[in-house]
J.: 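One structure, pasted below without further comment.
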Amino acid sequence: MPLPIEIFLYNTLTRAQVPLRPAEDSRLRMYTCGLTVYDYGHIGNYRTFVAVDILQRFLESEGYQLESVLNLTDIDDKMIERAQRAGRSVREHAEIFARAFAADMEFLGLRRPNHLVRATDFIPDMIAWIERLVASGHAYASQGSVYFRVASFPAYGKLSGKPLAELQSGARVDSDQYEKEEARDFVLWKAHKPGEPAWDSPWGPGRPGWHIECSVMSMKLLGESFDLHAGGADLIFPHHENEIAQSEAVTGRTFVRNWFHVEFLLVNGEKMSKSLGNYYTLRDLAAQGFHASGIRYLLASVPHRRQLNFTLEGLRQAESAVERLRAFRDRLRRAALGPGANPDLEAAIASAELRFRGSLAENLNTAGALAAIFDLLRSANQALDREALFVPEREAIERLLSRFDSIFGVVETDDRARLESYGDGSPSAGSTLADEAVERLLAERGAARRDRNFALADRLRAQLEAAGIVVEDTREGQVRWRRK
RNA sequence: GGCGCGGUAGCCAAGUGGUAAGGCAGAGGUCUGCAAAACCUUUAUUCGUGAGUUCGAUUCUCACCCGCGCCUCCA
């Protein structure tokens, strides 16, 4: 088994890359800000979730035991607005998109967290927490709502680096904020408005503010101080800043030790937006015939602290890269190996593994990790060409490849099955031809080739290719085929 | 304006104070009836611009230019 390796992650709070030191040795508690289920998630959301997934799989492969929480926001302004527009209750609306999210997770191969929680299941806990904030002077009620008193928490701004002075009151006053002491104060509990869902509270009927849910759910499930909190970079301010304030004001303890933020995803160099026509959901991409593995590879291949410019061209490139990995896996698997050993190759395998893990340990450098794998792939291919790869090396490479894939999750993925089981995604043309039909056409083509009727043989191959079947002739005479 | 991320070959992208990983695409070759796959060779005298430190900078410092994000809806 591999030796332990020290893992470094960039921590937004300290603005530095620091060694990961869980409070409890090998046990790591982690919370991720999930989706507001008012609509389908888009690829920007999934960029974050894939990065978190890779991180978690890597940590597990390095021996950490994870306790993970992912939340879904199922009550907020947007939920109410969208539900009303769709003529549904907020609850029904949330249910529909929570289910869609689960399907998306499945499609992309995102591991299920230990706790997948919804805000509305924790209302009493939120109310209790807000009461503590009020009792300690950090919050105040006003006209049926409750606000956090930012002035009472001097450390406010430590995560986002925003000086308190710049967040002074009066900077902005909009009609909705007249009931606050200061404009920078944020809402913990919103007074009920007609037509909106409401829960009873000591301040009258209402609903929780957005920020409080993450504080309350994370601390309830992971404790008042835990190891890692992840989310998109745009959540740093105000969401995570507010979470810190709400939590630490009561506990007096460090809420979260490491903040892991995933940079933005752009589409064609611009912010994704529906009006620009560059807004993609996983369903959109699946309908265009793109595969889960390609999407996952692309999202995973750019290290998380870099903005990722998503393009369809980039997605095609990613699919090609995945194909090459699979082609190598197949070649390795079926190669007929002679007896012997190749110490040079064995050394290359060992160093590839070290480089792979080392890259990931260095703030999750996925690009570097992939380079290690592809370098090894070339060495192994060369060895296969020279018939200098033997059973021990094959086993070692397969072990590394399997370790790689347990983290990246792109090679041993049945893209066809994923697409088919993915509700709305329309299956690609390739799935229309049954295996028997493929075999029949291949037999015909084989006969044509034996007759040296190459025109017919090529026509049949073209026909198969149109159906997404790639045909490969081998030196030994048999024909291999696979689905694209 | 404040805070942050980034500018490396056609595209994506790693990286280091000592002279540029990897992927995709392209070109030539080996193999093939032709292909595919695989392999070999090839594609940045150069890392946004200028100056400085240094024996030496893409890597450090300063200034500037450009792209993007956040600044209380936002992954």
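Side chains included, hydrogens not; waters and symmetry mates left out as well; all remaining heavy atoms used. In the text below, chain A, chain B and the rest are named by the order of the sequence lines, each starting its count at 1.
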J.: Would you call the rings of A:F101 and A:Y46 parallel, tilted or perpendicular, taking 30° and 60° as the class edges?
T.: parallel
J.: Could you check whether the side chain of A:Q317 and the base of B:C11 have a donor-acceptor pair of N or O atoms closer than 3.5 Å, going by distance alone?
T.: yes
J.: Mind checking who B:C47 pairs with, Watson-Crick or G-U wobble, both distances under 3.5 Å?
T.: none
J.: Report yes or no: is there a donor-acceptor pair, N or O only, under 3.5 Å between the side chain of A:D473 and the base of B:C34?
T.: yes
J.: Could you check which nucleotide pairs with B:G1 in any of the strands shown, counting Watson-Crick or G-U wobble with both distances under 3.5 Å?
T.: B:C71
J.: Determine the interplanar angle of the A:F148 and A:H138 rings, folded into 0 to 90°, and report it as parallel if under 30°, tilted if 30 to 60°, perpendicular if over 60°.
T.: parallel
J.: In whole Å, I'd like the distance from the CG atom of A:L460 to the C1' atom of B:A35.
T.: 14 Å
J.: Side chain of A:D385 only, please: which of B:C34, B:A38, B:G2 is the nearest?
T.: B:A38
J.: Counting side-chain heavy atoms from CB outward, which of B:A37, B:C34, B:C24 is closest to A:R324?
T.: B:C24
J.: Base, sugar-phosphate, or nothing for A:G44, non-hydrogen atoms under 4.0 angstrom?
T.: base
J.: Counting side-chain heavy atoms from C-beta on, which of B:C73, B:U72, B:A75 comes nearest to A:H42?
T.: B:A75
J.: With centres under 5.5 Å and planes under 30°, do A:F454 and B:G33 count as stacked?
T.: yes
J.: Among the nucleotides B:A75, B:G15, B:A13, which one has an atom lying closest to any side-chain atom of A:A367?
T.: B:A13
J.: Looking at every strand, decide which applies to A:D330 at a 4.0 Å heavy-atom threshold: base, sugar-phosphate, or nothing.
T.: nothing
J.: At under 4.0 Å between heavy atoms, what does A:L266 touch on the DNA or RNA strands: base, sugar-phosphate, or nothing?
T.: sugar-phosphate
J.: Salt bridge between A:E319 and A:R316, side-chain N to carboxylate O under 4.0 Å?
T.: no
J.: Identify the nucleotide, in any strand shown, that forms a Watson-Crick or G-U wobble pair with B:A57, with both distances under 3.5 Å; if there is none, say none.
T.: none
J.: Which nucleotide sits closest to the side chain of A:R461: B:G69, B:G22, B:C34?
T.: B:C34
J.: Check this for me: does any side-chain nitrogen of one of A:D473 and A:R449 sit under 4.0 Å from a carboxylate oxygen of the other?
T.: yes
J.: Are the charged groups of A:R482 and A:E472 less than 4.0 angstrom apart, N to O?
T.: yes
J.: The side chain of A:R378 lies closest to which of these nucleotides: B:G23, B:G15, B:A75?
T.: B:G23
J.: Using only modelled atom types and a 3.5 angstrom limit, is any donor from either the side chain of A:R306 or the base of B:A13 paired with an acceptor on the other?
T.: no
J.: Using atom C1' of each nucleotide, how far apart are B:G10 and B:G2 to the nearest Å?
T.: 38 Å
